[in-house]
Number of protein chains: 2
Amino acid sequence: MEFKNVTIQDIAETANVSKSTVSRVINNSTPVAEKKRKAVLAAMDKLNFQPNIFARGLAGGQSMTIGIVTQNIGSPFYDSVAQGIISALRDSVYAPVFVDGEWKSEVEEEVIGTLLGRHVDGLIVVGGSLSEEKLVQLSKQKPIIVVARQLEELSDQCVFIDNFEAAYQATRFLIDAGHENIAHLTGIRRHQDATRRFKGYCQALTDANIELNPDLVIEGNFSGQSGVMGVESLLMRGHSFTAIFTANDEMAYGARLALYRKGIRVPEDISIIGFDDQPNSAFITPPLTTVRQPALEMGQAAAKALVGMLAEGEYEISPLKADLVIRESVSRRR
Amino acid sequence: MEFKNVTIQDIAETANVSKSTVSRVINNSTPVAEKKRKAVLAAMDKLNFQPNIFARGLAGGQSMTIGIVTQNIGSPFYDSVAQGIISALRDSVYAPVFVDGEWKSEVEEEVIGTLLGRHVDGLIVVGGSLSEEKLVQLSKQKPIIVVARQLEELSDQCVFIDNFEAAYQATRFLIDAGHENIAHLTGIRRHQDATRRFKGYCQALTDANIELNPDLVIEGNFSGQSGVMGVESLLMRGHSFTAIFTANDEMAYGARLALYRKGIRVPEDISIIGFDDQPNSAFITPPLTTVRQPALEMGQAAAKALVGMLAEGEYEISPLKADLVIRESVSRRR
DNA sequence: TTATACCCTGAAAACGGTTTCAAAAAAACG
DNA sequence: CGTTTTTTTGAAACCGTTTTCAGGGTATAA
């Protein structure tokens, strides 16, 4: 599966040129006479040359490695992003090193440190809670792409969808279906996504001349458990409502379960709409109406952008958007 | 966040010794006089020395990197394993490089090649379909741990749970609850796990003097969709059954959905038991009774074993076992 | 006291590339 | 055809470690 090491020197000898020339054709750094170039290429092919990554790195070249900072791997959304990154990187020359920031800025800073210590050529930061300031500073040191976060100063290096807009659409969908008393189970407050989704919800209500009822808004933490607790306290408070918009799908599952326990039917009695469209959402009962975030595509877009940055200095991030996927958890009211 | 590079030479000068001595204290390779040792340590601390990983690698040392071959990232089970690996590696000196084998042996071979090209110090292969033979051969080249697969010749380097036994227990649970006509939705045939689970199911039936009815066994592919299709064909075939054992949780979700669509109640009319206990399973309706695979722990065990192998040449894999988690999707019969 | 080990230590040689520098070759010019 | 300019090329230095090798000390033995 692997051979003894063929070095640049071996190539040089086989092709009857100097090491320097070989290096030049490999990197296309300096023009080389066509004849020699061919000879080198042939030799490389014949001996099955693979450059030693350490030597390259040492000599001030690239590490051919990119660092990925994820949070809380194990959450479906972030997993899909990771998968997108890995797949897009497979046919590049870069390999991904993963570290976990655990949604804690200190941890995040530390793991970024180890990445930097490994001389990664670039960074992809997925979510996280590191301050914008630090991220900006970091971006001056290394090429960086930020996924699932929207930074003022670095907006052209961010891959994200418009959470405000998406939440607005979701809420709007409920309103259009005749719902007026719409509860919202939020995500963790300090997550940017959560607050944006909350704002979208508020705005949709306002635009429809529905007054926001604070009692119908419950703070959760993106977990299934917080979904069941959210519904339980909603029910306890006694305000009537006919629909729930949750900040992610897992909370929607929890909400659905809590309702099930009380014998409340979905969607006949209460409608639910989630956010993310994780794979399971099509298979729960009833299949969940939700907002699809193109997680895989976001990962791919990020990876491609970074590779572009690294290779050419040019890159482009194709705009991605969330869209509503309508299944069976929302009923028309009246 | 990062400084100019402090080299071993700087340390040497500060501590008034030679580079060689510094290297020796770093690696503990040769005894060094206590006084000098202290001086070096102090200097390293003062200058905040971080060894250059490329130089180390080049000089024939370690790359301090371990390669992880996963399959089909995005499946909850494999994601959790990956998470376990990452977390266990965080407080080691190694960083993980991930590649995806896509459950195709050619792809797997290729990506292992790139890992080898990067001189990883060790390998963790999670699942996959590479032949046992190749894996064994690989294990002679590099330290390797295999997760979620059971290899004859390498059994002491494998982290896995007893799928046969676990499936036996699950089926047994159904039998004990009074079920006799028990259907099984299998996973992909060529996956070792799938066939072991199938065999466990068969054995439990046999031991209970229940004849295996081939019409109640349907081949699926681990996806939710195959779960719904499985139940649909089961229903079409017309043989009555009162319980279903699916090869994983996602198929259980699918099965449950198909039943829901037909107006068949779970668990009153038909019971379901899954396999994996992915996080969502506690929140579907009804909460799913299933076999819990300690995925996270498996990842951690693998990482720790590999680190042990690398560091000391010694390692130990603590035995992990699956266990039944009883929730609400199985009813007592009669 | 001198010879014999043994333990520490520094100098120097790898490791396999990239890059600088100056020389050689080729091309352009007068 | 000689001179100048430009393009190609090889030699050598360098990147930051580890490791080999041999020399210097010190302690032990004779």
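Here is the naming used below: chain letters follow the sequence lines, and residue numbers restart at 1 for every chain.
With Ser92(B) contributing its side chain and Arg90(B) its backbone, the two residues share no donor-acceptor pair below 3.5 Å. The main-chain N or O of Ala88(A) is never found under 3.5 Å from a side-chain atom of Lys304(A) such that the two would form a donor-acceptor pair.
Taking the charged nitrogens against the carboxylate oxygens, Glu102(B) and Lys104(B) do have a contact shorter than 4.0 Å, which makes a salt bridge.
The side chain of Asn52(B) contributes no N or O atom lying less than 4.0 Å from OP1 or OP2 of dC15(D). One finds no side-chain N or O of Arg56(B) lying less than 4.0 angstrom from the OP1 or OP2 phosphate oxygen of dG16(D). Residue Lys36(B) has a polar side-chain atom (N or O) positioned under 4.0 Å from OP1 or OP2 of dG10(C).
In this structure, Thr30(A) and Ile8(A) both approach DNA chain C, and ranking their closest nucleotides by distance from the 5' end singles out Ile8(A). When each of Ser29(B) and Phe54(B) is assigned the nucleotide of DNA chain D bearing its nearest heavy atom, the one mapping closer to the 5' terminus is Phe54(B).
Contacts between residues 13-26 of chain B and DNA chain D, defined by a heavy-atom separation under 4.0 Å, are made by Lys19(B), Ser20(B), Ser23(B), Arg24(B).
One can place CE of Met64(B) at 12 Å from P of dT17(D), the figure rounded to the nearest angstrom. The interatomic distance linking Gln62(B) (CD) with dT18(D) (P) rounds to 10 Å, in whole Å. Atom pair His119(B):NE2 and dT17(D):C1' shows a separation of 16 Å (rounding to whole Å applied). The separation between Gln50(A) atom CD and dG17(C) atom P is 11 Å, rounded to whole Å. Leu58(B) places its CG atom 12 Å from the P atom of dG16(D), with the value rounded to the nearest Å. What separates CZ of Arg118(A) from P of dG16(D) is a distance of 18 Å, to the nearest Å. For Lys35(B) and dT9(C), the NZ to P distance is 10 Å, given to the nearest whole Å. For the pair Asn5(A) CG and dG16(C) P, the computed distance is 6 Å after rounding to whole Å.
Contact check for Ile124(A) versus Ile66(A): side-chain heavy atoms found under the 4.5 Å cut-off. Side-chain contact between Asn5(B) and Gln50(B): absent, with no pair of heavy atoms (C-beta onward) separated by less than 4.5 Å.
Residue Val22(A) is tested with Leu41(A), Val40(A), Thr7(A), Asn27(A) for a side chain to side chain contact (heavy atoms under 4.5 Å, CB included); the sole match is Val40(A).
Ring-plane geometry between Trp103(A) and Tyr78(A) is classed as perpendicular, the angle between the planes exceeding 60 degrees on a 0 to 90 degree scale with a lower cut at 30.
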